[in-house]
Amino acid sequence: MEFNQLIQARHSVNQFDPNGTISREELESIIEAATLAPSSYNLQHWRFLVVDDKDKKLKLKSAAYDQQKVEDAAAAIVVLGNLKAHEDAQRIADDLSEKGYLPEQYKENVINQINGLYSNESMQRDEAIRGSSLAAMTLMLAAKDKGFGTCPMIGFDPARVQQEFNIPENLIPVMIITIGPESDPKAPRKFRFEAQEITTYNGF
Ligand SMILES: Cc1cc2nc3c(=O)[nH]c(=O)nc-3n(C[C@H](O)[C@H](O)[C@H](O)COP(=O)(O)O)c2cc1C
């Protein structure tokens, strides 16, 4: 789909086709696209828990205040933010060096810089949420491009989701994205503030 058409077409699905399906290959290629999102130091704070089993979807629905979309969507993806993303700093610095972006002698500095910044727990949490949110948006656009609808969702109990799906404690549920064939692909565009109303130049 042409880009402008794609961003115009994406909307939060109200009604998924309860008989709709999405294959694991399709899910994987959509997630692959999401991995191209930017992240601070390229730490790629995102992880994805895909729930496509019927019973597991019902479990997730119950933790999502019984939102019907979780059951009707072909799958639900719990987007997780990694609080310990800085532990991958070495791997990322090695790649930068290999590709000639980071001279070998500065590698240690960059790793120390990352570890210093990420010793702050609120930084860990902010970046986990910021990074995985950018991946979530990329994922929703990639899904639409392949003909699937999505709905981002924060209406769920994160502690229950964490516990019911045995999510390791370094990963926090950031949002659920329900995904699948939709019944209302031509939903009208909702109200938006105009750019002029929400933009200032060079300060307030
Ligand atoms: C972080 C976030 C959380 C949301 N949570 C829910 C939710 O729990 N349930 C739901 O039906 N929609 C949810 N939405 C969808 C919003 O209502 C929707 O994005 C907004 O009304 C704008 O509509 P549009 O996405 O169709 O442009 C959420 C959206 C975002 C970005």
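Heads up: numbering here begins at 1 and tracks the sequence. All ligand and atom numbering here is 1-based and tracks the order in the structure.
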Check for me, please, whether Ile92 and Val110 land in the same ILVMFWY cluster - side-chain distances under 4.5 Å, paths through other members count.
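Yes, Ile92 connects to Val110 through the hydrophobic network.
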
Indicate if Ile177 and Ile31 have the same hydrophobic cluster label, given that clusters are the connected sets of ILVMFWY residues with side-chain heavy-atom separations under 4.5 angstrom.
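As far as the 4.5 Å side-chain criterion goes, Ile31 and Ile177 are connected within one cluster.
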
Any idea which protein heavy atom is nearest atom 26 (O) of ligand 1, and the distance to it?
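Here the closest protein heavy atom is Ser12 N, 2.8 Å.
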
Please list the nearest protein heavy atom to atom 9 (N) of ligand 1 with its residue and the distance rounded to 0.1 Å.
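Protein heavy atom with the smallest distance to atom 9 (N) of ligand 1: Gln67 OE1, 2.9 Å.
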
Could you check if a side-chain atom of Arg160 sits within less than 4.5 angstrom of a side-chain atom of Ser62, using non-hydrogen atoms only?
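They are in side-chain contact.
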
Decide yes or no on side-chain contact (heavy atoms from CB on, under 4.5 Å) for Leu141 and Met137, but give the supporting numbers first.
CA-CA 6 Å; Leu141 291 173; Met137 186 69 244; 3.8 Å; yes

Given Pro152, Ala187, Gly155, identify the one with the heavy atom nearest to atom 28 (C) of ligand 1.
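Checking each option, the heavy atom nearest atom 28 (C) of ligand 1 is found in Pro152.
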
So is there a nitrogen or oxygen of Met175 less than 3.5 Å from a nitrogen or oxygen in ligand 1?
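N/O-N/O distance under 3.5 Å: no.
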
Ligand 1-proximal atoms of Arg192, by part, heavy-atom distance under 4.0 Å:
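The answer is the side chain of Arg192.
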
Any idea which atoms of ligand 1 are less than 4.0 Å away from a heavy-atom of [X]?
{"X": "Cys151", "result": "10 (C), 11 (O), 12 (N)"}
{"X": "Lys69", "result": "10 (C), 11 (O)"}
{"X": "Arg10", "result": "24 (P), 25 (O), 27 (O)"}
{"X": "Arg189", "result": "27 (O)"}
{"X": "His11", "result": "26 (O)"}

With rounding to the nearest 0.5 Å, note down the distance linking CD in Gln90 to CD in Glu108.
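Reported value, rounded in 0.5 Å steps: 6.5 Å.
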
Can you see whether Glu127 engages Tyr41 through a side-chain donor-acceptor pair at a distance of less than 3.5 angstrom?
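Tyr41 and Glu127 do not have a side-chain donor-acceptor pair below 3.5 Å.
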
Which atom of Asp52 lies closest to which atom of Ala75, heavy atoms considered
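Reported closest heavy-atom pair: CB-CB, 4.1 Å.
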
Sub-4.0 Å heavy-atom contact, Lys190 with ligand 1:
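Yes, Lys190 has heavy atoms under 4.0 Å from ligand 1.
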
